[in-house]
Amino acid sequence: MPVSVRPAIARLPAYRAGKAAPPGPNGVSYKLSSNENPHPPLPGVLEAATKAADDFNRYPDFGNTRLTEAVAEHLAMPAESLAFGTGAVGVLYHLLQALCGPGDEVIYAWRSFEAYPIAVEIAGARPVAVPLGPGAVHDLGAMAEAVTPATKVVLLCTPNNPTGPTIGHQELLDFVATVRDDVAIIIDEAYLHFVTDKLAARGLEILAEHPNVISLRTFSKAYGLAGLRVGFCVANPEIASAIRATALPFGVSALAQAAAVASLVAEPALLQRVEEIVGERERLIDELTDLGFDLPAAQGNFVWLPAGPRTQEWTELFTAAGLMVRPFAAGTPEDGLRISIGEPDANTLVAAVAATLPRDR
Ligand SMILES: *Cc1c(COP(=O)(O)O)cnc(C)c1O
């Protein structure tokens, strides 16, 4: 008899490697499928990481000491409230492992970040997906109603990947006030730097008053360190300590720790890049809106093109033009494409291809 895999794991979708877009008609291709930062590392970051590489016969600092100090100072939060991991996804895995047991329910919106259902299943908990409301926003009313005595965690993604809208700050406060105190509310703020809506949720501000709220952050997006795998969460010290106890030992490499510290120092250059990406996002939104596309609010470094049954067809047309975009085709009317904001030339090409897409009028 073969060794059996846990049923929850056996049901997980197999990983499919993303294909590189073949060069378009003018010989170039752009990867706009993973919400990566198109910029090279911030000033000083490559130097710091390269220097750390001198010692990679050694394990990294187990306690992420310098990084913890730097982030604590940067966010003006106590060091005990921080826990790091191999990307925000690594931290999320540890969080769910630390909090959930069999039978516990984890509520999240759908569509949202694809890692959520997988992380919940791996932790042995039960995923509860609540459909997004009109405009592809979190339906917090429905999410509050989905809470049962078995609910252990609610995951909120703002701005929501892949659709783009934020949760309003007041809306978040009302939601937190409605939900039981013993339900953890994880606010995934991976795209926080790109948010320009002044009324959008600011997770960190409500942490002190609500010990069940956890803010999840990453160095992968605005800071452009996706390949080095470093993320963290800000939580009450008991939860942060539980995550540190659960975490893979030495998970965050010395290179990643050094690069993250150097990235925090390069704040002015970071803000300038973020502003550039946001400017490109607004330009693309304007151009797509002029073409007659009805887009949800885009507050991350990506736009969502509702494509419904044309999702696969449109993806192929973008691919043929040298643009690798991310299709979400589940065979539902909510299907669509997520397109990351890339280099200005890439964004210009996105609008040019969008103008040629076949549509029902
Ligand atoms: C990209 C992303 C993350 C960050 O993932 P890392 O593991 O830190 O690279 C977290 N949450 C959402 C919603 C994301 O899109």
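In listed order, ligands and their atoms are each counted from 1.
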So is Gly231 touching ligand 1 or not, going by heavy atoms under 4.0 Å? no
So, 4.0 Å and heavy atoms of Ala226: is ligand 1 close enough to count as a contact? no
Is Arg229 positioned over the aromatic face of Phe219, cation under 6.0 angstrom from the ring centre and no more than 45 degrees off axis? no
Tell me, which protein residue and heavy-atom name are nearest [atom], and how many Å apart are they?
atom                    : result
atom 13 (C) of ligand 1 : Asp188 OD2, 3.3 Å
atom 5 (O) of ligand 1  : Val89 CG2, 3.8 Å
atom 3 (C) of ligand 1  : Lys221 NZ, 3.4 Å
atom 7 (O) of ligand 1  : Arg229 NH2, 2.7 Å

Need the ligand 1 atom indices (1-based, order shown) with element for anything under 4.0 Å from a heavy-atom of Ala190. 2 (C), 3 (C), 10 (C), 11 (N), 12 (C), 14 (C)
If we number the atoms of ligand 1 from 1 as shown, the ones under 4.0 Å from a heavy atom of Asn161 are 13 (C), 14 (C), 15 (O)
Heavy-atom distance under 4.5 Å between the side chains of Val183 and Lys152, does that happen here? no
Sub-6.0 Å ring centroid separation between [X] and [Y]:
X      : Y      : value
His138 : Phe175 : no
Trp314 : Phe293 : yes
Tyr191 : Phe302 : yes
Tyr116 : Trp110 : no

For ligand 1, which part of Tyr191 has a heavy atom less than 4.0 Å away: the side chain, the backbone, both, or neither? side chain
Is it true that Glu287 and Arg283 make a salt bridge, defined as a side-chain N closer than 4.0 Å to a carboxylate O? yes
Does the distance from a Lys or Arg side-chain N to an Asp or Glu carboxylate O, for Glu334 and Arg111, drop under 4.0 Å?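 Salt bridge: no.
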Is the shortest N/O to N/O distance between Ser220 and ligand 1 below 3.5 Å?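 Right, the criterion is met.
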Output yes when the distance from some N or O of ligand 1 to some N or O of Cys157 is under 3.5 Å, and no in every other case.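 For ligand 1, there is no N or O atom that lies under 3.5 Å from one belonging to Cys157.
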Ignoring hydrogens, just give me the one of Thr218, Val91, Leu92, Asn35 whose non-hydrogen atom is nearest atom 8 (O) of ligand 1.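 The residue whose heavy atom sits nearest atom 8 (O) of ligand 1 is Thr218.
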